[in-house]
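Quick note on labels: first sequence line is chain A, next is B, and so on, each numbered from 1. Note that these values count all heavy atoms, side chains included, but never hydrogens, waters or copies made by symmetry.
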Amino acid sequence: MPELPEAETIARGLREPLTGASVDRVAVIHADVLDLEAEDFAGRLRGSRFEAIGRRGKNLVLRLADSRRLVVNLGMSGRLLMRGPGAGGPPPTHPAVYFHLQGGLGSLVYHDVRRFGRLSLHSAKEYAAWSATLGPEPLGPEFTAVALERGLRSSATPLRSWLLDQRRVAGVGNIYANEAAFLARIDPRARTNSLDADAARRLHRAIRRVLSEAIDARGTTLRDYRTAQGWEGEYGAKLQVYGRAGEPCPRCAEPIVREVLSNRSVFFCPRCQPAP
DNA sequence: CTCGGCGCCTGCACGC
DNA sequence: TGCGTGCAGGCGCCGA
Ligand SMILES: [Zn+2]
């Protein structure tokens, strides 16, 4: 799923209905998405108030009033859905955890068909230590073209693999890694230490641009992703290469190529993104 | 330490 | 219609 733009969209959608709400009761349907035993997890959250909603990379971060954090990694198919008090419509098909809220505010549902997602409860200290293992926020001030160039030079891995490494930059996944490489006109298979300063500058701009525009479109729904209100994202229509094997390149009309790199699809235009 | 391969789990699209 | 295959946003573990 869910990469940075999807996590950001979900955080924005949860802020209004969830901030200040307290947990009345937690119902665990699938304990395999938790880092604790179901009863322990439920007990630790009972009565807790959600004080702030944010994200780190592609992870949702729900800060509790006692400064603990509930960190949600959505895996491939995770959703965080707000269900209003008189929630109409059909019940969710694959709920994994319900957080029923006090005061008739409805519930927050963690929904996950494949259950690759994980919910972790961190103390303030544990959260800081975990956050420190992640790279800079690509839309934040620490992520500069110079820092990116330095990072690229320090590794011999293919660019697409480098971008998926959350310790390098936090929040880029396979869709936006492929899109950013296309916008920057770099072969996603190129070893990062072969890229020059100009390529690093183009990549820096491309990453920021594609993530910002995807946030504006409320993310990309391939199949499972939904906003906190259950809506689909609109960025899929704007994808240039991801999922478009065989279609003409939007720049030069050459057919887009799909290859497999580290067991995952990579999409590129062989003319606009020539092999190094 | 770095890197790539693989399993985790379910549903869907496609070809025969 | 039914069945087999391939594919999907991520990530942690393992061995080279
Ligand atoms: Zn092209």
Side-chain angles (χ1 to χ4, degrees), chain A residues 1-11 29-35 55-60 71-81 92-97 110-120 130-131 133-135 138 151-181 188-194 207 210-211 214-215 217-228 231-246 257-267:
Chain A
M1 142 212 101
E3 308 180 27
L4 186 153
E6 291 75 32
E8 176 63 26
T9 302
I10 291 169
I29 313 299
H30 287 291
D32 52 359
V33 302
L34 305 178
D35 67 340
R55 64 157 185 85
R56 178 76 173 93
K58 57 182 80 164
N59 304 275
L60 274 295
V71 175
V72 180
N73 182 288
L74 298 156
M76 296 281 248
S77 55
R79 302 176 181 174
L80 273 173
L81 301 167
T93 54
H94 295 76
V97 181
Y110 180 67
H111 185 282
D112 194 344
V113 172
R114 296 174 72 184
R115 301 199 305 282
F116 288 171
R118 288 295 175 270
L119 311 194
S120 315
W130 168 79
S131 179
T133 66
L134 299 179
L152 293 170
R153 247 197 333 254
S154 74
S155 172
T157 204
L159 174 60
R160 204 286 311 271
S161 305
W162 192 97
L163 289 170
L164 293 192
D165 185 345
Q166 301 299 294
R167 297 168 302 182
R168 296 291 191 174
V169 189
V172 179
N174 203 30
I175 294 179
Y176 302 114
N178 279 280
E179 292 296 301
R189 304 166 301 174
R191 306 270 161 187
T192 56
N193 57 4
S194 74
I207 291 169
V210 70
L211 295 178
I215 290 170
R218 283 185 260 105
T220 301
T221 296
L222 293 187
R223 170 176 300 145
D224 295 303
Y225 162 70
R226 294 293 185 279
T227 70
W231 305 332
E232 297 189 359
E234 311 289 337
Y235 196 75
K238 300 192 179 166
L239 295 174
Q240 308 283 294
V241 290
Y242 184 87
R244 300 201 181 282
V257 169
R258 171 186 177 269
E259 284 188 10
V260 174
L261 176 64
S262 296
N263 290 313
R264 306 189 68 182
S265 292
V266 59
F267 298 92

Starting at atom [atom1] of [X], determine the distance to atom [atom2] of [N], rounded to an integer number of angstrom.
X	N	atom1	atom2	value
Ile175(A)	dA8(C)	CD1	P	11 Å
Arg79(A)	dG11(B)	CZ	P	12 Å
Leu134(A)	dG10(C)	CG	P	14 Å
Asp165(A)	dG10(C)	CG	P	13 Å
Asn59(A)	dG12(C)	CG	C1'	14 Å
Glu259(A)	dG6(C)	CD	P	18 Å
Leu163(A)	dG10(C)	CG	C1'	15 Å
Asp224(A)	dC9(B)	CG	P	17 Å

Under-4.0 Å side-chain N/O to phosphate OP1/OP2 contact, [X] with [N]:
X	N	value
His94(A)	dG11(B)	yes
Ser155(A)	dC3(B)	yes
Ser262(A)	dC3(B)	no

Would you mind classifying the nucleic acid contact of [X] as base, sugar-phosphate or nothing, using non-hydrogen atoms under 4.0 angstrom?
X	answer
Thr93(A)	nothing
Tyr235(A)	nothing
Arg118(A)	nothing
Pro158(A)	sugar-phosphate

Handout entry: Sidechain-backbone polar pair: Lys58(A) side chain, Asn73(A) backbone, donor-acceptor under 3.5 Å
Key =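 Looks like no, no N/O pair under 3.5 Å.
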Problem - Donor-acceptor contact below 3.5 Å, side chain Arg191(A) vs main chain Ala156(A) - result: yes
Quick check for you: among [options], whose closest atom lies nearest to any side-chain atom of [X]?
X	options	answer
Arg258(A)	dG10(C), dG11(B), dA8(C)	dA8(C)
Ser265(A)	dG4(B), dC6(B), dC7(C)	dC7(C)
Asn73(A)	dC11(C), dG4(B), dT10(B)	dC11(C)

Within the 3.5 Å criterion, strictly below it, is a donor on [X] or [Y] matched to an acceptor on the partner's side chain?
X	Y	result
Arg218(A)	Thr227(A)	no
Arg160(A)	Thr192(A)	no
Asp112(A)	Tyr110(A)	yes
Tyr235(A)	Glu179(A)	no

Handout entry: Nucleotide opposite dG2(C) in a Watson-Crick or G-U pair, distances under 3.5 Å
Key =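 Check on dG2(C): paired to dC16(B), both distances under 3.5 Å.
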Practice task
Return the stacking result for dC8(B) and Phe116(A): yes when the ring centres lie under 5.5 Å apart and the planes under 30°, no otherwise.
Solution key: yes
Handout entry: Asn263(A) vs Arg115(A), nearer the 5' end of DNA chain B by closest nucleotide
Key = Asn263(A)
Completion exercise
DNA chain B nearest-nucleotide lookup for Arg223(A) and Ser154(A): closer to the 5′ end is Ser154(A)
Practice task
Write down the distance separating the C1' atoms in dG12(C) and dG11(B), rounded off to the nearest Å.
Solution key: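 Rounded to whole Å, the distance is 23 Å.
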Exercise for the section: Considering only atom P, compute the distance from dC11(C) to dC12(B) and round it to an integer number of Å. Expected result: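 The same atom, P, in both gives a distance of 24 Å.
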Handout entry: Under 3.5 Å donor-acceptor pair, Arg114(A) side-chain atoms to dA8(C) base atoms
Key =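 Check passes, donor-acceptor contact within cut-off.
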